[in-house]
2 protein chains.
Amino acid sequence: MYQKRKRHLEARAKVLKAMAHPSRLFIIDELAHGERCVCELTEMIGADVSTISKHLSVLKQAGLVIDDKRGNQVFYQLRVPCILNFFGCVESVLESQAQEHVDLLALVEK
Amino acid sequence: MYQKRKRHLEARAKVLKAMAHPSRLFIIDELAHGERCVCELTEMIGADVSTISKHLSVLKQAGLVIDDKRGNQVFYQLRVPCILNFFGCVESVLESQAQEHVDLLALVEK
DNA sequence: TGCCTATTTGGCAATATAGCCAAATAGGCT
DNA sequence: AGCCTATTTGGCTATATTGCCAAATAGGCA
């Protein structure tokens with residue numbers, strides 16, 4: 001039942017895991033507007049370059065971005081724009097949670 | 001730039017992280033077909049009940065499922081069906097990766 | 001009450017992830 | 001060649017995640 005699909009589910013999980021980090025989500029969002037080089041992303045996020053480079057490597061391994069070396073810098077771009085559609089759904093999760101939180105608070109205050 | 005959105009991106013990341021595990025993806029897929037109790041999911045996945053219970057707790061914390069206790073068992077159901085739409089996109093990532101892999105192999109064989 | 005089943009929680013060991021620094025690699029320029 | 005910038009890689013520590021077992025909790029039923 002599960003064992004049969006395990007391999008496939010692991011592959012799916014890898015893609016999701018690659019997205020499941022605030023810096024990497026930022027990068028995805030940023031790349032949605034166009035390609036960016038490592039130095040630009042590093043500047044925007046404000047972490048060590050090596051950290052950003054590793055995040056980009058995770059995204060690349062997962063098949064979410066592709067890189068293009070030009071001169072001495074490397075530009076990354078989104079390979080699968082459809083992942084952006086997903087964020088709307090994630091937002092609705094967050095919103096309904098927020099709403100529930102408000103409801104709970106209201107309940108407590110009565 | 002990033003700091004301003006960090007909180008929000010962390011919230012998004014939490015939802016994605018909750019999905020990013022093969023067993024939890026299986027559960028989501030299964031719940032797409034209707035509610036299931038912990039014992040059913042445990043049976044299907046073949047891990048310890050406590051492990052499944054913790055997976056369900058992760059999904060619940062993330063706002064992805066809701067639980068409903070009836071008698072001495074607890075039924076879980078999907079709270080946000082839109083996440084299912086996302087899998088099509090994840091599949092396309094996997095497929096294009098597979099295709100690239102084939103291309104690379106072909107290249108090596110020449 | 002006592003027992004059985006279903007589920008959750010605590011705790012532990014193994015493994016994975018994140019982020020930094022330092023060092024290696026690569027391209028451009030003088 | 002020598003130097004500078006951009007990027008990646010190795011290595012380390014801190015932290016988080018996973019999965020099991022054992023124990024706690026809760027409901028149903030004799």
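Just the heavy atoms: all of them, side chains too, but no hydrogens, waters or symmetry mates, feed the values below. Each chain gets a letter, A, B and so on, in the order the sequences are listed, and its residues count up from 1. If you're wondering where the values come from, they're calculated on a predicted model, not measured in any experiment.
Atom pair A/E10:CD and C/dA16:P shows a separation of 12 Å (rounding to whole Å applied). Taking atom CG of residue A/D68 and atom C1' of nucleotide D/dT8, one finds them 17 Å apart after rounding to whole Å. Rounded to whole Å, the distance from CZ on A/R36 to P on D/dA6 is 17 Å. As rounded to whole Å, 14 Å separates atom P of C/dA18 from atom CD of A/Q61. The distance between atom CD of A/Q73 and atom C1' of D/dT8, rounded to the nearest whole Å, is 15 Å. Distance A/E40 CD to D/dT5 C1': 15 Å, rounded to the nearest Å.
For A/E43, the CD atom sits in a loose shell: 12 or fewer heavy atoms of surrounding residues, nucleotides or ligands are nearer than 6.0 Å. More than 12 heavy atoms of other residues, nucleotides or ligands sit less than 6.0 Å from atom CZ of A/R70.
With respect to B/R5 and A/E30, no salt bridge is recorded, no charged nitrogen being found less than 4.0 Å from a carboxylate O.
A donor-acceptor contact shorter than 3.5 Å links the side chain of B/R79 to the backbone of B/G63. Formation of a donor-acceptor pair under 3.5 Å by the B/S57 side chain with backbone atoms of B/S53 is not found in this model. Between the side chain of A/E40 and the backbone N or O of A/F75, no donor-acceptor pair lies under 3.5 Å.
Between D/dT8 and A/Y76, a contact under 4.0 Å exists linking OP1 or OP2 to a side-chain N or O.
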Protein-proximity profile, nucleotides 15-21 of chain D, B/S/- by nucleotide at the 4.0 Å heavy-atom cutoff, equals --SSSBB
Which parts of nucleotides 23-30 of chain C does protein reach within less than 4.0 Å, heavy atoms only, written one letter per nucleotide 5' to 3' as B for base, S for sugar-phosphate only and - for none?
---SSS--
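Between A/T51 and A/K54 the shortest side-chain heavy-atom distance does not fall below 4.5 Å.
Between B/F26 and A/Y2, the two ring planes are perpendicular [angle over 60°; tilted spans 30° to 60°].
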